[in-house]
Amino acid sequence: MTQDPNRWQHLEPFIYQLFKERIQRYDEIMEMTEDKITSISEKFLQAIELCIALKDFECEPSDYPCDVINLFCQVAESPTLLIQLLNQYPVEVKKADQAIINYVGSIDNWRGKKCPFGIKDHCNIVHFFLNLNGSYQDQLFFRGANFTPEVICEFLQEWKGINLFPFVSKELPLVTN
């Protein structure tokens, strides 16, 4: 059942816009078919598996981070569902994130065969996706001021048309390696 987004028009413009966006996201999820949700869940789990598999590539270049970004972008077409999946699989997400952190510590910023950026840059974006729900306090952004969460959001919006700005906290610490 769709609720009227104009119901909160009397509120402050910022709060009104927030309610309106949340109702639209809720409606998007409710309109999805069960098959599409299952397909998105499978892509999410495949991305997690690829992250964890990076332990087999330590000290070697891999295109897995690039593949993971493409899978996460497909999932993030429904940002609310991405957040739900991150919350639904916390153990797997934590394992995947740790695998990314370990992998980044073992490589240079090599370019993969099909990656437009360096592999560390890709890992930075993957790490961003894995921590988008804000469930982990230790947010590492491996490439410094060039790849802040806001810059990643801007890049994803320009590249894929995915708006993740509402999920980015302005209080993420920036730690560079």
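Predicted, not measured: the structure shown is a model, and the values here were computed from it.
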Original post:
Just how far is it from atom NZ of Lys55 to atom OH of Tyr103, taken to the nearest 0.5 Å?
Top reply: 14.5 Å

Original post:
Taking only residues two or more places apart in sequence, or in another chain, which ones meet Tyr64 in a ring-ring contact (aromatic ring centres under 6.0 Å, His included)?
Top reply: Phe57

Original post:
Is the shortest heavy-atom distance from the side chain of Ile48 to the side chain of Phe72 under 4.5 Å?
Top reply: yes

Original post:
Glu154 versus Glu150: any side-chain heavy-atom pair under 4.5 Å?
Top reply: no

**OP:** For the pair Ser106 (side chain) and Cys59 (backbone), establish whether a donor and an acceptor sit closer than 3.5 Å, ignoring hydrogens and angles.
**Re:** yes

Original post:
Atom CD1 of Ile152 and atom CG of Leu164: how far apart are they, to the nearest 0.5 Å?
Top reply: 10.0 Å

Original post:
Closest heavy-atom contact between Val104 and Cys123?
Top reply: CG2-CB, 3.2 Å

Subject >> Straight-line distance of Asn133 CG to Leu86 CG, nearest 0.5 Å >> reply: 4.5 Å

Original post:
Could you state the interatomic distance from CD1 (Ile119) to CG (Asn124), rounded to the nearest 0.5 Å?
Top reply: 13.5 Å

Subject >> Separation between CD1 of Ile125 and CG of Leu156, rounded to the nearest 0.5 Å >> reply: 6.0 Å

Original post:
Would you say Pro61 and Ile107 make side-chain contact, with heavy atoms under 4.5 Å?
Top reply: no

Subject >> Centroid separation Phe155 to Phe117 less than 6.0 Å >> reply: yes

Original post:
Does the side chain of Ile162 reach to within under 4.5 Å of the side chain of Gln157, using non-hydrogen atoms?
Top reply: no

**OP:** Tell me, please, which residues at least two apart from Gln74 pass side-chain hydrogen bond (donor to acceptor under 3.5 Å, both in side chains).
**Re:** Lys43

Subject >> side-chain contact (heavy atoms from CB on, under 4.5 Å) assessment of Leu85 paired with Tyr89 >> reply: CA-CA 6 Å; Leu85 290 167; Tyr89 297 100; 3.9 Å; yes

Subject >> Heavy-atom side-chain proximity of Phe128 to Val168 below 4.5 angstrom >> reply: yes

**OP:** Working to the nearest 0.5 Å, report the span between CG of Asn87 and CG of Leu82.
**Re:** 9.5 Å

Original post:
Looking at residues at least two apart in the chain, or sitting in another chain, which of them share a side-chain hydrogen bond (donor to acceptor under 3.5 Å, both in side chains) with Gln98?
Top reply: Asn102

Original post:
What pair of heavy atoms forms the shortest contact from Glu92 to Ile52, and how long is it?
Top reply: O-CD1, 4.2 Å

**OP:** Could you give me the CA-CA distance, side-chain angles and deciding distance for Leu45 and Glu42, then say whether side-chain contact (heavy atoms from CB on, under 4.5 Å) is met?
**Re:** CA-CA 5 Å; Leu45 292 172; Glu42 288 171 357; 5.8 Å; no

Subject >> Sole candidate of Asp97, Val93, Val68 that passes side chain to side chain contact (heavy atoms under 4.5 Å, CB included) when paired with Cys51 >> reply: Val68

Original post:
Do Leu71 and Phe44 come within less than 4.5 Å of each other through their side chains, counting heavy atoms only?
Top reply: no

**OP:** Taking the side chain as every heavy atom from C-beta outward, state whether Trp159 and Cys73 have any atom pair closer than 4.5 Å.
**Re:** yes

